[in-house]
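Below you'll find the structure, written out as structure tokens, and then a few comments.
Every chain is numbered from 1 and lettered A, B, ... according to where its sequence line falls, protein lines coming before strand lines. Because only heavy atoms are used, hydrogens play no part in the values below, and waters and symmetry mates are left out as well, while side chains stay in.
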2 protein chains.
Amino acid sequence: MLWYNISSIHTPCRDTATPRHGGPAHARFQSHDHRACIAAAVTAADAHCRARGLHFTPQRRRVLEILLDGHRAMGAYDILERLRDEGLGSQPPVAYRALDFLVAQGFAHKIERINAFVACAHSGAEHDPAFLICRVCCAVAEAEAGPARTAITAAARGAGFRVERVAIEAEGLCPRCAEAA
Amino acid sequence: MLWYNISSIHTPCRDTATPRHGGPAHARFQSHDHRACIAAAVTAADAHCRARGLHFTPQRRRVLEILLDGHRAMGAYDILERLRDEGLGSQPPVAYRALDFLVAQGFAHKIERINAFVACAHSGAEHDPAFLICRVCCAVAEAEAGPARTAITAAARGAGFRVERVAIEAEGLCPRCAEAA
DNA sequence: GCTTGATATGTTATACCATAACACTTATCA
DNA sequence: TGATAAGTGTTATGGTATAACATATCAAGC
Ligand SMILES: [Zn+2]
Ligand SMILES: [Zn+2]
Ligand SMILES: [Zn+2]
Ligand SMILES: [Zn+2]
């Protein structure tokens with residue numbers, strides 16, 4: 001189970017601090033080599049693209065690194081801000097194009113509930129993600145949705161609907177906030 | 001299984017016609033008394049509010065009627081347009097407040113994937129909705145998500161996460177578009 | 001009735017999210 | 001090396017949602 005925080009959404013998390021690796025709150029990797037974990041994910045993405053003849057361009061790579069580095073769900077404009085600071089782009093389409101690519105390749109996921117993006121916790125391996133979103137602190141975790149996906153796919157088949165993708169997003173209380181309440 | 005169409009979203013359904021009851025496409029109620037079905041849902045909402053001391057105000061009632069009448073997923077601004085035409089409100093908060101109320105009471109659902117709202121197909125009875133969204137024609141159906149919800153709730157419990165609400169939204173091909181393909 | 005607090009509405013302004021469109025560059029391959 | 005596809009830079013705009021504050025309405029107790 002991976003925990004991320006999101007930085008800038010409407011409510012109730014506008015004022016949420018933006019924890020980094022080793023920071024407060026729901027960071028899961030309290031004592032791992034985050035630099036190495038970023039490198040591993042980027043390397044995996046690189047190999048994936050190389051094998052398929054896709055262009056893992058500097059911009060796309062950098063956006064993935066930013067998502068991995070933040071280790072939390074981020075809005076497209078959060079990412080754009082980082083890119084701008086680094087001179088890698090200044091207009092929304094720059095961020096959205098890179099994010100579209102990363103999502104299409106499975107290196108990142110979009111969380112519809114909060115209009116945010118998060119690096120995949122599984123290095124692009126085939127999987128069915130579900131997201132657990134804390135309504136108090138806005139931390140986000142990626143969980144396995146295999147059984148739930150199977151259930152909804154079966155239900156849909158009964159209605160003649162052919163499922164291609166499933167978004168499962170649960171809202172509730174993360175362990176920390178549940179304990180505080 | 002209930003089918004709705006949505007009227008104004010980004011892609012790929014910008015140009016989608018806005019089917020009404022008895023109209024084309026995925027309307028389920030091809031031969032029922034839609035006027036009566038609207039009345040029944042409104043009456044149920046009225047009773048629900050009366051029992052709880054909630055104010056089922058004319059605005060809220062009218063927004064529910066609009067959703068029921070359209071019999072499809074609608075954006076907040078679609079609804080606002082209707083309200084404006086009828087002299088019942090002209091600014092975004094008017095629509096959003098009514099929608100927030102309806103969603104909170106279970107009379108309507110929000111579909112995150114397409115930023116749209118739809119009248120509940122079960123007159124507010126306790127249930128776990130999942131939505132099936134056709135990526136070609138943007139039709140939307142409400143299905144039962146009980147087993148899937150159970151699965152994801154169990155998975156979350158394993159992570160110490162306490163689930164309160166689950167949004168399950170499947171994207172794929174509706175029967176009609178699957179057949180056409 | 002009148003006060004009072006809670007709830008709902010009217011309105012302005014603004015913030016936030018996402019894409020269309022077009023010019024230009026870079027990569028790929030025959 | 002010319003043709004084609006893919007990626008990037010940039011401007012402008014469209015679509016979604018809320019903050020904030022003034023006003024009105026409702027419900028309950030005095
Ligand atoms: Zn993932
Ligand atoms: Zn939390
Ligand atoms: Zn009907
Ligand atoms: Zn369809």
[X] [atom1] to [N] [atom2], straight-line distance once rounded to whole Å:
| X | N | atom1 | atom2 | value |
| --- | --- | --- | --- | --- |
| A:I111 | C:dA18 | CD1 | C1' | 17 Å |
| B:L80 | C:dT11 | CG | C1' | 13 Å |
| A:I79 | C:dA18 | CD1 | P | 11 Å |
| A:R84 | D:dT10 | CZ | C1' | 12 Å |
| B:D100 | C:dT9 | CG | C1' | 14 Å |
| B:E112 | C:dC17 | CD | C1' | 13 Å |
| B:Q59 | C:dT7 | CD | P | 18 Å |
| B:D78 | D:dT16 | CG | C1' | 12 Å |

Exercise. Mark yes or no for whether B:R84, through its side chain, and B:S90, through its backbone, hold a donor-acceptor pair below 3.5 Å.
Key: yes
Quiz prompt | Test item: B:R60 side-chain N/O and B:H55 main-chain N/O as donor-acceptor pair under 3.5 Å | solution = yes
Exercise. Could you tell me whether B:R176 and B:E179 have a side-chain N and a carboxylate O separated by less than 4.0 Å?
Key: no
Practice problem: Examine B:Y77 and B:L67 and state if one hydrophobic cluster contains both, with Ile, Leu, Val, Met, Phe, Trp and Tyr joined whenever side-chain heavy atoms are less than 4.5 Å apart. | Solution: no
Self-check item: Inter-axis angle, terminal five-pair segments of the helix from C:dG1-D:dC30 to C:dA30-D:dT1 [nearest 10°]
Solution: 30°
Quiz item: Could a donor-acceptor pair under 3.5 angstrom be found where the side chain of A:Y77 meets the base of C:dA15?
Solution: no
Quiz item: Quick one: does B:R97 reach the base of C:dG10 with a side-chain donor-acceptor pair under 3.5 Å?
Solution: yes
Under 4.0 Å between a side-chain N/O of [X] and OP1 or OP2 of [N], yes or no?
| X | N | answer |
| --- | --- | --- |
| B:S90 | C:dG10 | no |
| A:H55 | D:dT8 | no |
| A:N115 | C:dA18 | yes |
| B:K110 | D:dA17 | yes |

Exercise. For the residue pair B:F117 and B:Y96, categorise the inter-ring angle as parallel (less than 30°), tilted (30 to 60°) or perpendicular (more than 60°).
Key: perpendicular
Tell me which donor-acceptor pairs under 3.5 Å the side chains of residues 156-165 of chain B have, and how far apart each pair is, sequence neighbours excluded?
{"unit_1": "B:E164", "atom_1": "OE1", "unit_2": "A:R135", "atom_2": "NE", "d": "2.5"}
{"unit_1": "B:E164", "atom_1": "OE2", "unit_2": "A:R135", "atom_2": "NE", "d": "3.3"}
{"unit_1": "B:E164", "atom_1": "OE2", "unit_2": "A:R135", "atom_2": "NH2", "d": "2.9"}
{"unit_1": "B:R165", "atom_1": "NH2", "unit_2": "A:E171", "atom_2": "OE1", "d": "3.3"}
{"unit_1": "B:R165", "atom_1": "NH2", "unit_2": "A:E171", "atom_2": "OE2", "d": "2.6"}

Closest listed nucleotide, where the reference is the side chain of [X] and the choices are [options]:
| X | options | answer |
| --- | --- | --- |
| A:R60 | C:dT11, C:dT7, D:dG7 | D:dG7 |
| B:Y96 | C:dT11, C:dT9, D:dT16 | D:dT16 |
| A:P92 | C:dA18, C:dT11, D:dT8 | C:dA18 |

Self-check item: Pairwise 5' ranking along DNA chain D for B:A76 and A:F101, keeping only the more 5' one
Solution: A:F101
Quiz item: For the side-chain contact (heavy atoms from CB on, under 4.5 Å) test, which of A:V42, A:L64, A:V63, A:L68 pairs with A:F107?
Solution: A:L64
Quiz prompt | CD/B:E81: more than 12 non-hydrogen atoms of other groups inside 6.0 Å | solution = no
